[in-house]
There are 2 protein chains.
Amino acid sequence: MTILTTQHSPNWRSPITASDRVLFEIQQAIVEGRIVAGSKISEPELARRFDVSRAPLREALARLERCHLIERTPNAGARVVTLSAAGLLSLYQLREELEGLACRLAAEQMADAEIVELSQLLEQHLSTQRVREGESYYQEAGDLDFHYRVILGSKNPYLINILCDELYFLVRMYRVQLGMNGPRVSRAFDEHKVILQAIANRDGELADLLMRRHIAASRRNIEKQLNQKDFQHDYS
Amino acid sequence: MTILTTQHSPNWRSPITASDRVLFEIQQAIVEGRIVAGSKISEPELARRFDVSRAPLREALARLERCHLIERTPNAGARVVTLSAAGLLSLYQLREELEGLACRLAAEQMADAEIVELSQLLEQHLSTQRVREGESYYQEAGDLDFHYRVILGSKNPYLINILCDELYFLVRMYRVQLGMNGPRVSRAFDEHKVILQAIANRDGELADLLMRRHIAASRRNIEKQLNQKDFQHDYS
DNA sequence: TCCGCCAGAATTGTCGACAATCTGGCGTGA
DNA sequence: TCACGCCAGATTGTCGACAATTCTGGCGGA
């Protein structure tokens, strides 16, 4: 079995081909809301907008469907996904289970050197967090980076593929578009430290439990934001 | 959120488009081993073989990559996946967790009518199994059909997508190519009945546990076949 | 003999145009 | 007035050909 990391490996930049470049740009645009959630996608328009033919654009759309950022229906076109409370619940139900598993496997499978690196990563997050107090985006990126490494540590290629390629951007989309900027950043950091400790102790069961709680807390936090947003929406 | 069932819904036949038709044929060919595992895929050759242009063929290849039946590397082409003990382990690690979750959710979410239908399905399996004693393929199809319905009963679109679209055919590939024909069919049937009972009792926790055990047993069964195969291979 | 390099061939990525299908509005008839 | 069918426009699916990249085989030099 080959390595099978992160959709043929150019997951975080490396525009090998034109299709890759367009994919990255559209991914970012959807996550950040520049392409509005729920809007219809016109192939000719996007092709002109990103200055490519429809062939690589369609390739990119296929991959966007794969990570659940768009939904296609045959002979009818594609739409950007719409965010909803039900969708968020389904997504986090899955994340709880999958990242719990990943964390358990990581506690069993990660090399000692990887654990050391992960520890250093947390120390680094601590310093940058102290500097940019309350700044959410970088902390979020750091949070996802921590999760990223744990997932990779599971050494399960299918699990890695699902979490890092197919669900990753959707999670980011919910976070960004719901404006994650609450005071949860420091608490999340502490939870990361405890999880790392469990992994270092090779206690897979505990690591599993802690990661599930961590994600459940994150879910409740986002749901709170979502409810506020609905509240705003009702009176706007 | 839309329904999002099984890759735009034509999962089990319905060649809306030429790409779909080619996808189904190649899927079946790979699962059954007509296209040998590990072999390189030539786009022009397959295009001629299935009498389509390269455009819909490439679309089909993208979807085959999505369900892990082929692996593509940019500018270098695609290869059929190679089966391995490590891959099987990773796959079933995931299935245990995901189908356990699906079963728990199904116990909570399935409508009473669905549970009745599922019960009738099992009765039907019993009769056909009695008739075709020991015949593996149909029993296997029935087994997968049972799992299929439980997964759909979870009502979690992402979970459904992962299990029914992305992992389903790979599981079938392992089963078919390792020649699943052991005496496990009747035992699997009994396990299905117990699981259904737990779902009918709305006991999600128990249903989860039983499904995990059921899949673990299935995994051990396949691993046994795999070891025998390696054994044969050593002396051939 | 072995290694590195180069040219040719084959394959993949991309393009523009054509064909099949869907969407929206108009006209006709009840 | 409303429902139904039909037509025009636009969009998606498909095709064949060209461009860019990679793989293969053979040559030359150490």
Side-chain angles (χ1 to χ4, degrees), chain A residues 2-4 6-11 13-27 30 35-36 38-66 69-82, chain B residues 2-4 6-11 13-27 30 35-36 38-66 69-82:
Chain A
T2 64
I3 298 182
L4 202 147
T6 74
Q7 49 194 359
H8 76 64
S9 86
N11 195 340
R13 95 176 46 168
S14 71
I16 301 287
T17 177
S19 173
D20 291 337
R21 181 182 64 82
V22 176
L23 172 65
F24 294 146
E25 300 204 30
I26 300 182
Q27 261 181 348
I30 291 181
I35 299 180
V36 185
S39 62
K40 188 172 184 326
I41 282 184
S42 164
E43 290 186 5
E45 180 200 330
L46 279 190
R48 283 193 304 272
R49 181 166 160 185
F50 292 103
D51 199 51
V52 287
S53 174
R54 279 180 53 219
L57 178 74
R58 285 171 64 87
E59 172 92 19
L61 290 183
R63 297 199 206 164
L64 285 174
E65 183 184 25
R66 181 171 172 173
L69 290 183
I70 67 172
E71 292 169 352
R72 299 170 92 182
T73 53
N75 286 325
R79 306 192 74 88
V80 182
V81 294
T82 62
Chain B
T2 64
I3 299 182
L4 200 148
T6 76
Q7 46 194 0
H8 75 64
S9 86
N11 196 339
R13 92 178 50 164
S14 70
I16 300 287
T17 177
S19 172
D20 290 337
R21 180 181 63 82
V22 175
L23 172 66
F24 295 143
E25 300 205 29
I26 300 183
Q27 262 180 347
I30 290 180
I35 298 180
V36 185
S39 62
K40 187 170 185 330
I41 283 184
S42 164
E43 291 185 4
E45 179 200 330
L46 279 190
R48 285 192 302 272
R49 182 165 161 186
F50 292 103
D51 200 51
V52 287
S53 175
R54 278 179 53 218
L57 178 73
R58 284 171 64 87
E59 172 93 19
L61 290 183
R63 296 199 207 164
L64 286 174
E65 184 185 26
R66 182 171 172 172
L69 290 182
I70 68 173
E71 293 170 352
R72 300 170 92 183
T73 53
N75 286 323
R79 304 193 75 88
V80 182
V81 294
T82 61

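The basis for the numbers below is simple: all heavy atoms, side chains too, and nothing from hydrogens, waters or symmetry mates. Chain identifiers are assigned alphabetically (A, B, ...) following the order of the sequence lines, protein sequences preceding nucleic acid strands; residue numbering begins at 1 within each chain.
- With sequence neighbours left out, A/E25 forms a side chain to side chain donor-acceptor pair (under 3.5 Å) with A/R21.
- Here D/dT14 presents its P atom at 13 Å from CG of B/D51, a figure rounded to the nearest Å.
- Distance from the side chain of B/N75 is smallest to D/dT22 among D/dT22, C/dG16, D/dG13.
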Test log, rule salt bridge (Lys or Arg N to Asp or Glu O under 4.0 Å), inputs A/E59 and B/R72: CA-CA 13 Å; A/E59 172 92 19; B/R72 300 170 92 183; 3.7 Å; yes
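- The distance between atom CZ of A/F50 and atom C1' of C/dC15, rounded to the nearest whole Å, is 19 Å.
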B/S/- contact track for nucleotides 5-11 of chain C, protein heavy atom under 4.0 Å: -------
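- Closest contact between the side chain of A/A18 and the listed nucleotides C/dT14, C/dC15, D/dG16 involves C/dT14.
- For A/A18, the side chain to side chain contact (heavy atoms under 4.5 Å, CB included) criterion is met by A/V52, not counting sequence neighbours.
- Side-chain atoms of B/R79 come within 3.5 Å of backbone N or O of B/G38 as a donor-acceptor pair.
- In this structure, CZ of B/R72 is placed 6 Å from P of C/dG13, rounded to the nearest angstrom.
- Closest approach of A/I70 to A/L61, counting heavy atoms only: CD1-O, 3.3 Å.
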When you compare the protein's N or O atoms with those of nucleotides 17-19 of chain D, which come within less than 3.5 Å of each other, and at what distance?
none

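- Taking atom CG of A/L23 as the reference point, atom C1' of C/dG13 lies 15 Å away to the nearest angstrom.
- Listed pair A/T17 / C/dT14 meets the phosphate criterion, a side-chain N or O lying under 4.0 Å from OP1 or OP2.
- Annotation for A/S39 and A/I35: closest pair OG-CG2, 4.0 Å, computed over non-hydrogen atoms.
- Evaluation of the side-chain hydrogen bond (donor to acceptor under 3.5 Å, both in side chains) test over residues 41-54 of chain A, restricted to residues two or more places apart or in two chains, returns A/E43-A/R54, A/E43-A/R58.
- In this structure, the CG atom of A/D20 is 16 Å from the P atom of C/dT12, given to the nearest Å.
- Here the P atom of nucleotide D/dC23 and the CZ atom of B/R79 are 11 Å apart, to the nearest Å.
- Taking atom CG of A/L57 as the reference point, atom C1' of C/dT14 lies 12 Å away to the nearest angstrom.
- Going from atom CZ of B/R58 over to atom P of D/dC15 covers 14 Å, rounded to whole Å.
- When all heavy atoms are compared, the tightest approach of A/L23 to A/A60 is CD1-O, 3.8 Å.
- Taking CG of B/L46 as the reference point, atom CD1 of B/I26 lies at 5.0 Å (rounded to 0.5 Å).
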